[in-house]
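Data first, discussion second: the structure below is written as structure tokens.
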Amino acid sequence: MRQTLVAGNWKLNGSKESIQTLVKGIADGMSGVDGKAVAVCPPYVYIPMVSELAAGTGIAVGAQDVADQESGAFTGEVSAAMLKDVGCQYVIVGHSERRSLYCEKDEDTAAKYVAAQKEGLTPILCVGELLEERESGDTENVVAKQLDAVLSLAGVESLANAVIAYEPVWAIGTGKTATPEQAQEVHAFIRGKIAALDASVAEKVQILYGGSMNGSNAAELLAMEDIDGGLIGGASLTPDAFLAICTA
Ligand code: 13P
């Protein structure tokens, strides 16, 4: 049985004050979260504070991105070792906003994935298609290509220590959630592709859904066979909305 993981991606949101309130609010509701793992991914500068606030609450901490380099002259970058040092367990790599707004290529994402694992962080590898790619029937090709970049650099066995997040780009921040059937279809495709290489890794790897998930649609998405949790944007920014998904 795969454990369900609900992870909040706070993106470029929050302040010291609002984040303290948010973490305390989530921590207060953790007793109602049965058997699911819960993580939050704050902006870099708030990670040490969140690690302290989250200690002993059962809330894990992640980052939203990571450098593909270990150290040196890379102005503005934050390494996997640094993230580990300030309490991160997870790091999101290849989010569609990194891909589209910051020109991150499949190969860049794969290098970040490797850098994260090298330090013992669990990468949350994001994949997903644009609306026009879905409409032209290219969803599986796009997702396969995104996965292949990681498989060829890190090997299928690396997925035993990783999480995949299927985030259809057209569902992110739009209020237009994939139906449980649409999401399940792609999740099953991803698991099947991995199973063709290594059945036991495929059985183990958590595949999260992301894209306008909220307290009203979480239960039916999470009930699908190959959906092992959620990567939550907007609804992770208030304790009630996030806990509604964690307890769905
Ligand atoms: P929303 O939940 O706001 O659609 O964002 C999803 C997402 O991008 C999580 O990484």
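If you read the sequence from its start, that first residue is 1, and numbering goes on from there. One-based numbering, in listed order, for ligands and for the atoms of each.
Of the heavy atoms in L231, both backbone and side-chain atoms come closer than 4.0 Å to ligand 1.
Within the 4.0 Å heavy-atom cutoff, A235 does not count among the residues contacting ligand 1. A heavy-atom separation below 4.0 Å is not found between A165 and ligand 1.
Heavy-atom proximity to atom 2 (O) of ligand 1, evaluated over P168, G233, A241, is greatest for G233.
Close approach of ligand 1 to G211 is summarised as follows: ligand atoms under 4.0 Å from at least one heavy atom of the residue are 4 (O), 6 (C). Interface of G173 with ligand 1, defined as ligand atoms under 4.0 Å from a residue heavy atom, comprises 1 (P), 3 (O), 4 (O). Taking every non-hydrogen atom of E167 and a distance limit under 4.0 Å, the qualifying atoms of ligand 1 come out as 6 (C), 7 (C), 8 (O), 9 (C), 10 (O). For ligand 1 and A171, the ligand atoms under 4.0 Å from any heavy atom of the residue are 4 (O).
Counted by atom type alone, Q184 and D226 present one or more donor-acceptor pairs between their side chains at under 3.5 Å. A side-chain donor from one of S18 and S15 sits under 3.5 Å from a side-chain acceptor of the other. Judged by distance alone, the side chains of Y113 and S158 do bring a donor and an acceptor atom under 3.5 Å apart.
Annotation: G234 places an N or O atom under 3.5 Å from an N or O atom of ligand 1; distance criterion only. Here's the thing with K11: one of its N/O atoms is less than 3.5 angstrom from an N/O atom of ligand 1.
Heavy-atom minimum distance, D108 versus C103: OD2-O, 4.0 Å.
With sequence neighbours excluded, the residues forming a side-chain contact (heavy atoms from CB on, under 4.5 Å) with A195 are A202, listed by chain and number. Applying the salt bridge (charged side-chain N to carboxylate O under 4.0 Å, His left out) test to K118 and every residue at least two apart in sequence or in another chain returns E70.
We find that D228 and R2 are joined by a salt bridge, their nearest charged nitrogen and carboxylate oxygen being less than 4.0 Å apart.
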